[in-house]
Amino acid sequence: MLELKHLVKSFGEHIAVDKVGFSLNKGEVLGFLGPNGAGKSTTMRMVAGVIEPDQGDVLISGHSIITAPREAQRRLGFLPEGAPLYPDMTPVEFLNFMATAYDLDRAERKRAIDRVIADARIANVASRRNATLSKGYRRRVGLAGALLNDPDVLVLDEPTDGLDPVQKRAVRALIARMAPEKAILISTHTLEEVPAMCNRAIIIDRGKIVADGTPESLASQSPGGLEETFITLAGTAEADAA
Amino acid sequence: MSQWFKDTLTGAHASYARELRAYFATPLAYVFIAIFLMMLGFFTWEASRFFDTGAADLEPFFYWHPWLYMIFLPALSMRLWSDEAASGTSELLMSLPVSITGLAIGKLLAAWTVALVTLLLTFPMWLTVNYLGAPDNTAIFLSYFMSLIMAGAYLAIGAAVSSLVSSQVLAYVVGVVAAFIFTAAGWPMVLGAVSNALGTGIGEVVATFSFLTHFETAERGVLELRSLLYFIGVIALWIALNVLWVSQRRSGAR
């Protein structure tokens, strides 16, 4: 459903993403791990068509983000880093705006908005201004927006960042519920939630993929489990700097 | 191609609805309309001495339009793209299956609608001249029409400028400077200086690019097709620049 081919992106001299490629099938929930600045967000932005890669391509349900970007984007739900929202809108107005952009017709729109409000559990804040919402609610409103067009591929940049444990569990449950029908790419800092949320994990360091496997297989590579594997594979940049 | 057209229409629809809401959800549109009307009234009555002209027409009123647009319209357009960049919502916007051209058109039309509402609210001026005398209402309508088209040109410049920066203040300042260049090119003072320095030929060329020159005939209620086409051309050019600058950001120049 989602295929990344040899993605390369540099900003000036700095190579942010260096030949990243993998494919993701229906039912897979991929945890995209890596230290800050490893190229996670840049990769996800390229998948979403927000920035263009220098080289390589992304296929979403067979549609290239380079040659048929709108077709690809129609099948994609994207939650950008920090879940940006228009502060002057209410969640319902925001979802209506998204529905217009996805060109949903009237009947579909009503159904889709009711569905994502229930899924993201935002009914009680649906008519409050986004600006007044807590961080956790904002993230869920952003998530609701990403789910609105019932996409084949979901790209979520740190969906659980800043949520309390109860909210985290709710988001994990939501992802688990959707997983069988979609291909989901999630970036996260919180290694503990990877085994609970993902059935595959990729570790990226300085723009390159350094590990790819199930959370269990990555954890079994070091006696200290996933965290130690992560530090061994991706902690070198920090060690070099120190 | 037809799919592109559809994605453009969808984008224009979505961004128009959102931006128009944003103008009226915040005090921005109301404050803009109130202050603009106040200033326009002040200049028409005090500076142009509307009553002393002794003629029942709106020439002293339309005279001020380019100048006030130059100062005020960038305040409407400054937030259109810079706000998206500052709040990060541009990322969301760029991930939607709509064309950038559509988004640019929708945003411009939303700001243009606020300008239209403002112009409509100057109706007491029109009532006044009709009460005082028998003005040529067709001419007045034409002046209004050209003024609205010219407002679109100012807004297109401001919108494009706002896509270059991620600060509203900067977008406003640069927008006013750009608007000033297009306005003042036809100002006798600037025109005289240019003609003296570079010859009358160059002076005339500069004058043909001025909003003042093109609006001058419209102030008297004469519709010149040449001027109408000029303003429409300016709008199209700046929408194209706007789209180009937003796409450039997408290819990740920074």
Side-chain angles (χ1 to χ4, degrees), chain A residues 9-12 16-17 41-42 44-54 60 63 65-66 68-90 93-94 96-104 129-131 138 141-142 145-146 148-149 151 155 157, chain B residues 1-30 79-103 105-107 110 166 168 246-254:
Chain A
K9 183 75 195 178
S10 45
F11 298 105
V17 174
S41 289
T42 306
M44 293 178 124
R45 283 185 191 130
M46 285 192 278
V47 172
V50 173
I51 56 176
E52 284 164 1
D54 297 338
I60 298 171
H63 299 276
I65 199 79
I66 311 284
R70 311 298 167 229
E71 283 306 310
Q73 284 170 332
R74 255 184 265 283
R75 290 158 181 84
L76 168 95
F78 178 48
L79 178 72
E81 191 178 11
L85 294 174
Y86 295 106
D88 53 87
M89 290 178 131
T90 68
E93 287 166 349
F94 171 70
N96 264 306
F97 161 71
M98 296 288 281
T100 310
Y102 281 114
D103 204 17
L104 303 182
R129 288 258 172 122
N130 287 335
R138 269 185 233 180
V141 173
L148 194 70
N149 58 332
V155 176
D157 202 346
Chain B
M1 197 62 197
S2 73
Q3 187 58 51
W4 179 85
F5 187 74
K6 199 165 166 287
D7 293 339
T8 300
L9 218 60
T10 309
H13 177 196
S15 64
Y16 176 76
R18 146 133 188 99
E19 297 298 338
L20 195 62
R21 255 209 81 272
Y23 278 122
F24 288 99
T26 58
L28 183 66
Y30 302 104
R79 46 169 293 280
L80 287 176
W81 293 97
S82 60
D83 217 20
E84 305 261 7
S87 67
T89 44
S90 57
E91 256 186 72
L92 201 65
L93 210 56
M94 292 298 121
S95 75
L96 297 173
V98 294
S99 76
I100 295 173
T101 311
L103 295 174
I105 291 173
K107 281 170 181 285
S166 56
Q168 292 198 28
V246 174
S247 321
Q248 245 173 11
R249 196 185 273 187
R250 198 160 174 233
S251 67
R254 39 164 205 114

Can you tell me if B/R18 uses its side chain to pair, donor with acceptor, with the backbone of A/E93 under 3.5 Å?
no
Where is the tightest heavy-atom contact between A/Q73 and B/M94, given as atom of each residue plus distance?
NE2-O, 2.9 Å
Which answer fits A/M98, side chain, backbone, both or neither, if we ask what part of it has an atom under 4.5 Å from a heavy atom of chain B?
side chain
Non-hydrogen atoms of A/A101 and B/P97 that approach each other most closely
O-CG, 4.1 Å
Could you grab the distance from atom CD of B/E91 to atom CD1 of A/I51, nearest 0.5 Å is fine?
8.0 Å
What's the separation between atom CG in A/N96 and atom CZ in B/R21, rounded to the nearest 0.5 Å?
10.0 Å
Results of salt bridge (charged side-chain N to carboxylate O under 4.0 Å, His left out) for A/R70 - residues two or more places apart only:
none
Close side-chain approach of A/F94 and B/L92, heavy atoms under 4.5 Å:
yes
What part of A/L85 is in contact with chain B, defined as an atom under 4.5 angstrom from a non-hydrogen atom: side chain, backbone, both or neither?
backbone
What residues form a side-chain hydrogen bond (donor to acceptor under 3.5 Å, both in side chains) with B/S87, not counting sequence neighbours?
B/T89
Given that the side chain runs from C-beta out, which part of B/L9 has a heavy atom under 4.5 Å from chain A: side chain, backbone, both or neither?
neither
So which part of A/R45 gets closer than 4.5 Å to some heavy atom of chain B, the side chain, the backbone, both or neither?
side chain
Output the distance between atom CG (B/L96) and atom CZ (A/F78), rounded to the nearest 0.5 Å.
10.5 Å
With rounding to the nearest 0.5 angstrom, report the CG to OG1 distance, A/D88 to B/T26.
6.5 Å
Comparing A/A48, A/P80, A/G82 against chain B, the one with the most heavy-atom pairs below 4.5 Å turns out to be A/P80
Which atom of B/R250 lies closest to which atom of A/V50, heavy atoms considered:
CG-O, 3.0 Å
In terms of heavy-atom proximity below 4.5 Å to chain B, should A/R129 be classed as side chain, backbone, both, or neither?
side chain
Does a side-chain heavy-atom distance below 4.5 Å link B/L93 with A/Y86?
yes
For B/A22, which atoms come within 4.5 Å of any heavy atom of chain A: side chain, backbone, both, or neither?
both
